[in-house]
A.B. asks: 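Below: one structure in structure tokens.
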Amino acid sequence: MPYVVTEPCIGVKDKSCMTVCPVDCIYEIDKMVVIHPDECIDCGLCEPECPVTAIFVDTDVPDQWAEFVELNRREAAAKTGG
Ligand code: SF4
Ligand code: SF4
């Protein structure tokens with residue numbers, strides 16, 4: 001179950017999560033960062049680093065941010081070519 005970045009990251013994007021990810025699967029896009037779900041190893045290290053609680057395991061994403069599960073996949077794939 002990969003981790004997902006959600007709405008609170010928008011406009012904050014301080015990249016704390018990127019510095020701790022051991023597999024560099026967090027990618028910067030225009031307004032936020034996104035996690036590539038096929039590269040994430042579900043280690044959970046990024047979650048407590050986020051100052052705005054934007055990161056959730058995909059099954060725990062709050063309902064109002066459900067769209068971010070697909071957004072992370074789509075935008076990360078666009079950055080990596082797959
Ligand atoms: S859970 Fe681990 S591998 Fe996945 S994005 Fe966070 S730090 Fe990276
Ligand atoms: S730590 Fe949180 S706010 Fe900072 S870039 Fe990562 S997800 Fe966005």
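Counting begins at 1 with the first residue of the sequence.
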A.B. asks: Is there a side chain to side chain contact (heavy atoms under 4.5 Å, CB included) between Y3 and V57? Walk through the geometry before answering.
C.D. replies: CA-CA 4 Å; Y3 282 70; V57 71; 4.1 Å; yes
A.B. asks: Hydrophobic cluster membership, with links at side-chain heavy-atom distances under 4.5 Å among I/L/V/M/F/W/Y: are V12 and V5 in one?
C.D. replies: no
A.B. asks: Is it the case that one hydrophobic cluster holds both L71 and M18, taking links as side-chain heavy atoms less than 4.5 Å apart, direct or via other members?
C.D. replies: yes
A.B. asks: Please identify each residue that fulfils salt bridge (charged side-chain N to carboxylate O under 4.0 Å, His left out) with E28, with sequence neighbours left out.
C.D. replies: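 Once residues adjacent in sequence are excluded, the partners of E28 under the salt bridge (charged side-chain N to carboxylate O under 4.0 Å, His left out) criterion are K13, K15.
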A.B. asks: Please report the C-alpha distance between E39 and T80 in whole Å, then the side-chain angles of each, then the deciding distance to 0.1 Å, and finally whether the side chain to side chain contact (heavy atoms under 4.5 Å, CB included) criterion is met.
C.D. replies: CA-CA 10 Å; E39 296 178 359; T80 60; 4.1 Å; yes
A.B. asks: Output yes when a side-chain donor or acceptor of N72 lies under 3.5 Å from a complementary backbone atom of V34, and no otherwise.
C.D. replies: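 Flag not set: sc N72 to bb V34 has no pair under 3.5 Å.
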A.B. asks: What pairs with T19 under side-chain contact (heavy atoms from CB on, under 4.5 Å), at least two apart in sequence or on another chain?
C.D. replies: none
A.B. asks: Mind jotting down which residue pairs meet the side chain to side chain donor-acceptor pair (under 3.5 Å) criterion with at least one end in residues 57-69? Sequence neighbours excluded, please.
C.D. replies: none
A.B. asks: Test of understanding: with side-chain contact (heavy atoms from CB on, under 4.5 Å), list the residues that count as partners of I10, not counting sequence neighbours.
C.D. replies: E7, K31, M32, F68
A.B. asks: Test L45 against C21 for side chain to side chain contact (heavy atoms under 4.5 Å, CB included), laying out the working first.
C.D. replies: CA-CA 7 Å; L45 287 174; C21 180; over 6 Å; no
A.B. asks: Any side-chain heavy atom of F56 within less than 4.5 Å of one from T6?
C.D. replies: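 The answer is yes; the side chains approach within 4.5 Å.
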A.B. asks: Check whether any side-chain heavy atom of P8 lies under 4.5 Å from a side-chain heavy atom of T53, and answer yes or no.
C.D. replies: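 No; the side chains remain at least 4.5 Å from each other.
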A.B. asks: Quick one: pull up CD1 in I26 and SG in C40 and give me the separation to the nearest 0.5 Å.
C.D. replies: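 Reported value, rounded in 0.5 Å steps: 8.0 Å.
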A.B. asks: Run the side-chain contact (heavy atoms from CB on, under 4.5 Å) test against C50 and tell me which residues pass, sequence neighbours left out.
C.D. replies: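 Result, side-chain contact (heavy atoms from CB on, under 4.5 Å) vs C50: V52, A54, I55.
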A.B. asks: Just grab all the salt bridge (charged side-chain N to carboxylate O under 4.0 Å, His left out) pairs involving residues 73-82, residues at least two apart or on different chains.
C.D. replies: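 Qualifying pairs: D38-R73.
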A.B. asks: Return the set of residues passing side-chain hydrogen bond (donor to acceptor under 3.5 Å, both in side chains) with S16 (not counting sequence neighbours), or none when no residue passes.
C.D. replies: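 S16 satisfies side-chain hydrogen bond (donor to acceptor under 3.5 Å, both in side chains) with D14 only.
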A.B. asks: State, to 0.1 Å, how close V20 and C46 come at their nearest heavy-atom pair, and which atoms those are.
C.D. replies: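 Shortest heavy-atom contact: CG2-CA, 3.8 Å.
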A.B. asks: Please write out which residues are connected to I41 in a hydrophobic cluster, directly or through intermediates, given that two of Ile, Leu, Val, Met, Phe, Trp, Tyr count as joined at side-chain heavy-atom separations below 4.5 angstrom.
C.D. replies: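 I41 shares its hydrophobic cluster with V23.
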